[in-house]
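Sequence positions, counted from 1, serve as the residue numbers for this chain.
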Amino acid sequence: MEAGASEVWLCPLCVLMIATSAAVLLLWGRGGRSAGLMVVGVLLCCVIPAGCFILALLSVGYTVIHCTAGRQELLLSAQGKSVLITGCDSGFGHNLAKLLDRAGVKVYAGVLKENGAGAQELRRVSSPQLTVLQLDITDTNQISKTLQFIKSQTGETGLWGLVNNAGVTGFVCDAEILPLRILRKILDVNFIAGVEMTLAFLPLIRQAKGRIVNVSSVGGEVPFPGFAAYGSSKAALTAYSGVLRQELSQWGVKVAIIQPGCFRTNILGNEEEWSKIEKEILSSLIQEVREAYGEEYICSLQRRLSALTTAGSTDTTPVLDAITHALFAERPRGFYRPGPTAVSLSLLHMFCPTWLFDLIFSKITRYNGVKPAGVVSK
């Protein structure tokens, strides 16, 4: 028997606990969650046998939380309500716009490229109630134009919902070698622009006593190596949203934070964008840092990105369900963590000793065998 397999059987009770939790989720009608929980749990038991008991407890905890969350309550009527969604070119925003349109919501779908493929598809498949709007959330003029247009459409009713979904990852690499230009761009798109959107549309939302839904990430709570800029921007958005939730409750406005786990979207960009940033890194690093990391390591980062683009679930239903609940439930929750990894990784980070957490994550995030030149030479 191979070493990895023998290590799993050292803790059969833990594997049984994880499998039982997965089975319960399957019976509960969450096949994707059950499969994800089973695969992630058993794989981590193989990688870190010493932590398998903690992982088993986390799987049971996740199952209990999910099955008792009570999302089945009746939702408010969508008729007569309008919702603005940013980042509808693809991914969560694109799918949410279609879903809400089918539910009878008046949807304003903000896109970065109004003539792009995503925008054209929304126009083709949606009802006349869905309006595609050119909206670069980092452009104050475009925000102002969108505000004036929606104000003219909604009148005294106001805007029921704002979904701040647009976001970017930038480039996945060590924090020390990430260009500050990229860091500033990520913070601008993922945090500052979301704040500007919220402040611009808040009077209309207060008028409707509506909802603000901010799409953050489990990366804003759990530190993923390579995601320093992205995680920082999402952590800032999460903290800001938590403050807003408390401050705006007196106005009847509800604020929710969505922290998805690992889902496969287009947020990571493409090879052309990665190549440009790679060249920028190589040309901008001071000699000492460039020699410490080495060109081979820096160029290997694209392989990490390629691996990440195929990771995660393609079924965005859990995220769409969470956002819909946040928009239309009579008593929405403050936090939603859709996807099995969102809960399990958060609990892992919260309850694991730091040394064990770092050890587990060093295994999870090892996408290639290349190490920085300075580390290899030691």
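Taking Phe357 as the reference, His349, Phe361 meet the ring pair (Phe, Tyr, Trp, His ring centres under 6.0 Å) condition, with sequence neighbours excluded. Not counting sequence neighbours, Ser217 has no partner by the side-chain hydrogen bond (donor to acceptor under 3.5 Å, both in side chains) test. With sequence neighbours excluded, the residues forming a salt bridge (Lys or Arg N to Asp or Glu O under 4.0 Å) with Glu280 are Arg181, listed by chain and number. Residues satisfying the side-chain hydrogen bond (donor to acceptor under 3.5 Å, both in side chains) criterion with Ser284, sequence neighbours excluded, are absent altogether. For Ser241, the side-chain hydrogen bond (donor to acceptor under 3.5 Å, both in side chains) test picks out Asn214, with sequence neighbours left out. With sequence neighbours left out, Ser126 forms a side-chain hydrogen bond (donor to acceptor under 3.5 Å, both in side chains) with no residue at all. Applying the salt bridge (Lys or Arg N to Asp or Glu O under 4.0 Å) rule to Glu295 yields the partners Arg290; only residues at least two apart in sequence or on another chain are considered.
Residues in residues 238-263 take part in no salt bridge (charged side-chain N to carboxylate O under 4.0 Å, His left out) pair, two or more places apart or across chains. Pairs engaging residues 123-151 under the salt bridge (charged side-chain N to carboxylate O under 4.0 Å, His left out) rule: none recorded [sequence neighbours left out]. The list of salt bridge (charged side-chain N to carboxylate O under 4.0 Å, His left out) pairs with a residue in residues 187-210, not counting sequence neighbours, is empty. Screening residues 212-227 for salt bridge (charged side-chain N to carboxylate O under 4.0 Å, His left out), with sequence neighbours left out, gives Glu221-Arg337.
The main-chain N or O of Gly194 is found under 3.5 Å from a side-chain atom of Thr198 such that the two form a donor-acceptor pair. Panel note: side chain Glu330, backbone Leu76; no donor-acceptor pair is recorded below 3.5 Å. Counting only distance, with no hydrogens or angles, the side chain of Thr86 and the backbone of Asn165 share a donor-acceptor pair below 3.5 Å.
Clustering ILVMFWY residues whenever any of their side-chain heavy atoms sit less than 4.5 angstrom apart, transitively, puts Ile257 in a cluster other than the one holding Val253. Hydrophobic clustering (side-chain heavy atoms under 4.5 Å, transitive across Ile, Leu, Val, Met, Phe, Trp, Tyr) keeps Val218 apart from Phe335.
The shortest non-hydrogen separation linking Ile85 to Gly93 is CG2-CA, 4.1 Å. The minimum heavy-atom distance between Leu96 and Leu320, with the atom names listed, is N-CD2, 3.8 Å.
The structure places CG of Leu204 at 6.0 Å from CG of Leu159, a figure rounded to the nearest 0.5 Å.
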* Asked: Would Leu162 and Val83 count as a side chain to side chain contact (heavy atoms under 4.5 Å, CB included) if you check the C-alpha gap in whole Å, the side-chain angles of each, and the deciding distance to 0.1 Å?
  -> CA-CA 6 Å; Leu162 168 64; Val83 175; over 6 Å; no
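When only modelled atom types and interatomic distance are considered, Ser82 and Thr154 share no side-chain donor-acceptor pair under 3.5 Å.
Residues Gln259 and Tyr336 form no side-chain contact, since every pair of their non-hydrogen atoms from C-beta on lies 4.5 Å or further apart. Within the 4.5 Å cutoff, the side chain of Ile150 has heavy atoms near those of the Phe201 side chain. Annotation: side chain of His94 is in contact with side chain of Leu122 (closest heavy-atom distance under 4.5 Å). Inter-residue side-chain proximity for Ile298 and Leu282 is flagged as met; some heavy-atom pair is nearer than 4.5 Å.
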Which donor-acceptor pairs under 3.5 Å do side chains of residues 102-117 form with protein atoms, sequence neighbours excluded?
unit_1 : atom_1 : unit_2 : atom_2 : d
Lys106 : NZ     : Gln129 : O      : 3.1
Lys106 : NZ     : Thr131 : OG1    : 3.1

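The aromatic rings of Tyr293 and Tyr297 sit tilted relative to each other, their planes meeting at an angle between 30° and 60°. The aromatic rings of Phe191 and Tyr240 stand perpendicular to each other, their planes meeting at an angle above 60°, with 30° marking the opposite boundary.
Within a 6.0 Å radius of CD in Gln250, other residues, nucleotides and ligands contribute more than 12 heavy atoms.
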